[in-house]
Amino acid sequence: MRFIIAQKEKSVIEKIVSLAKRKGFVFQSSEIYGGLNGCWDYGPLGVELLKNIKEEWWKAMTYRDDVEGLDASILMHPKVWEASGHIANFSDPMIDCKQCKTRYRVDTLGDSIAEKKKKKIIAKFEENLSAEKKDVLKSIYEIHTELDAQFEAILENKEIAFDLLSEINCSKCGTKGQFTEPRNFNLMFKTFVGPVESEDNTVFLRPETAQGIFVNFQNVQSSSRQKLPFGIAQIGKAFRNEINTKNFLFRTREFEQMEMQYFVNPTTDKKHYDEWKERRINWYKNLGMDLENLRFHDHPADKLAHYAKEATDIEYKFEFGWGEIEGIHNRTDFDLSRHQEFSGKSQQYFDEELKEKYIPYIIETSAGASRSFMAFLVNAYHEEEVNGEQRVVLKFHPKLAPIKAAIFPLVNKDGMPEIAKEIQDELSSHLRVFLDSKGAVGRRYRRQDENGTPFCITVDNQTLEDRTVTVRERDTMEQERVSINSLLMYLINKFK
RNA sequence: GCGAGAGUAGCUCAGCUGGUAGAGCACUACCUUGCCAAGGUAGCUGUCGCGGGUCCGAGUCCCGUCUCUCGCUCCA
């Protein structure tokens with residue numbers, strides 16, 4: 001009996017990573033130095049695609065009378081992150097069981113241990129403790145008298161936590177004394193304002209753009225004279241020091257968000273939440289995302305984040321599974337209340353119509369620009385067979401395509417290159433176009449297919465007679481004759 | 001962070017048990033053809049991810065490290 005090992009089919013993601021590199025969509029960051037984990041650079045075509053995605057989002061979200069734009073600073077006052085809950089929730093000490101590799105949050109480790117067992121563990125732990133450490137323990141006992149609180153406090157104390165851990169069994173595999181030392185996982189990047197590195201001037205790179213909007217709520221509202229309901233939109237980079245990165249652009253440490261926070265009267269939250277859900281999924285649909293690859297994933301009530309009353313994700317079906325590309329949350333008045341509390345500045349809004357003051361509720365639509373980029377790229381990727389040959393084509397929506405049209409002289413003689421150049425000059429002040437005269441025309445079509453260019457304009461023999469060109473559509477590969485004079489309008493209509 | 005696999009030209013890869021690197025495509029120039037890629041001729045391209053070690057000699061063996069992919073874990 002012989003085993004035939006089938007050659008592993010390359011995953012779509014691998015194909016896309018290599019296509020992205022070959023065509024100049026995405027490169028690995030610092031590649032010549034071996035790369036930096038989870039960091040990627042957008043190349044010539046990638047930056048166009050990303051820019052187009054952001055532009056379409058910006059148009060859809062801010063070209064309306066109830067949404068204003070904003071571009072807040074990446075560095076913010078450290079108190080912002082205390083108010084937002086990021087400092088408290090973002091820095092849990094974790095331990096791993098070396099035996100079975102299970103990871104635990106140290107602060108919740110005690111929850112699953114029975115009281116009787118806890119007593120036993122502590123007794124054994126006290127027995128083996130050095131005199132010096134016993135003093136530490138004493139001071140803890142002075143503050144905490146309850147067993148559970150004592151247990152937790154010991155685990156929170158860096159000096160003696162490990163001694164207690166070595167008496168605890170892993171609840172999964174039962175092994176004792178195999179826990180790693182507690183390590184802090186702070187997901188925020190830390191840096192310093194000014195040249196001196198000290199605790200006092202520590203600041204964080206924002207882990208989300210939303211807080212920049214919350215703290216500017218009143219500035220924007222009063223300067224733009226907006227009345228509720230209204231929103232503030234922002235596109236910008238955010239940073240999270242993730243434990244590990246994954247899946248190409250999907251989980252990275254530096255990423256770009258497209259966020260809109262919509263401020264509403266608390267009694268109308270449900271209505272606005274539903275409306276924005278609908279608008280946001282339609283945005284993806286209208287830009288050509290396949291329906292079967294899109295879905296809402298509602299967060300069950302018991303899994304909601306600390307700030308949310310209702311939450312749903314718009315997910316795209318990647319090869320690795322459904323992945324969130326946008327979150328829509330009803331954040332209630334959590335954020336503004338917290339900022340009011342921490343800053344001491346009122347965040348209330350006076351509603352002229354109702355003659356009442358209240359802290360607005362916030363409906364948030366938080367889209368990942370980088371994740372959308374990846375979803376649009378994956379969604380556009382098609383392998384087709386044309387006359388027995390494989391054709392790779394990126395079927396971007398024309399609005400997203402990095403290059404809108406390519407211009408080819410059929411042959412490099414009889415004045416065709418000159419006419420092609422003329423057309424390029426005319427179109428290029430309106431659209432991003434590309435002139436290519438290298439190689440057989442069929443090959444040039446294919447090259448543009450891989451770039452996702454929706455239209456190819458060819459100058460041929462007939463052009464010399466009647467000033468018309470052929471326009472070849474990317475997906476159908478069908479051609480249409482258009483006169484050079486009306487070419488610009490013809491194309492512009494295609495991008496509406 | 002753990003486990004598995006991978007890293008050789010811009011891309012896809014070959015290189016058997018160690019003897020200082022190859023193919024196809026791409027790219028450049030010229031010729032030829034002329035509407036759905038890969039005709040001809042010539043040419044360019046690599047300290048074999050990085051750093052150590054063993055050896056007379058390392059792409060090949062050993063150790064470390066970085067990066068990517070997959071599976072866990074994590075994802076407020």
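Sequence lines set the chain letters: A, B, ... in the order given, protein chains first and strands last, and positions in each chain run from 1.
Under the rule for a side-chain hydrogen bond (donor to acceptor under 3.5 Å, both in side chains), the partners of A:Tyr262 that lie at least two apart in sequence or sit in another chain are A:Asp66. Under the side-chain contact (heavy atoms from CB on, under 4.5 Å) criterion, A:Ser372 pairs with A:Ile53, A:Met258, A:Tyr284, A:Phe376, sequence neighbours left out. Residues forming a side-chain contact (heavy atoms from CB on, under 4.5 Å) with A:Asn293 (at least two apart in sequence, or on another chain): A:Asp290, A:Tyr316, A:Lys317, A:Asn379.
Across all strands shown, B:rA4 pairs with B:rU69; the Watson-Crick or G-U wobble distances both stay below 3.5 Å. Base pairing of B:rA9 is not made with any nucleotide, judged by Watson-Crick or G-U wobble geometry with both donor-acceptor distances under 3.5 Å. Pair assignment for B:rC61 gives B:rG53, based on Watson-Crick or G-U wobble hydrogen-bonding distances that are each under 3.5 Å. With a 3.5 Å ceiling on both atom-pair distances, B:rG46 lacks any Watson-Crick or G-U wobble partner. Remark: B:rG34 base-pairs with no nucleotide in the shown strands. Criterion, Watson-Crick or G-U wobble with two distances under 3.5 Å. Base pairing of B:rA29 is made with B:rU41, judged by Watson-Crick or G-U wobble geometry with both donor-acceptor distances under 3.5 Å.
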N/O contacts under 3.5 Å, protein versus nucleotides 40-51 of chain B?
none

Report each atom pair, protein N/O against N/O of nucleotides 26-30 of chain B, whose distance is under 3.5 angstrom.
residue, atom, partner, partner atom, Å
B:rA26, OP1, A:Arg443, NH1, 2.6
B:rA26, OP1, A:Arg443, NH2, 3.3
B:rC27, OP1, A:Arg447, NH1, 2.7

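Between B:rA76, B:rG34, B:rU69, one nucleotide has an atom nearer to the side chain of A:Arg444 than all others, and that is B:rG34. Listed nucleotides B:rC11, B:rC35, B:rG34 differ in distance to A:Arg22; the shortest reach to its side chain belongs to B:rC11.
Spacing of C1' atoms, B:rC75 relative to B:rU12, comes out at 34 Å, to the nearest Å.
With a 6.0 Å cutoff to the six-membered ring centre and a 45° limit on the axis angle, A:Lys277 counts as a cation-pi contact of A:Phe296.
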Between side-chain atoms of residues 24-33 of chain A and protein atoms elsewhere (two or more places apart, or another chain), which donor-acceptor pairs fall under 3.5 Å?
residue, atom, partner, partner atom, Å
A:Glu31, OE2, A:Lys21, NZ, 2.9

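Annotation: the span from A:Ile359 atom CD1 to A:Gln347 atom CD amounts to 7.5 Å, rounded to 0.5 Å.
At least one donor-acceptor pair closer than 3.5 Å links the side chain of A:Arg206 to the backbone N or O of A:Ala72.
Taking the charged nitrogens against the carboxylate oxygens, A:Lys421 and A:Glu418 have no contact shorter than 4.0 Å, which rules out a salt bridge.
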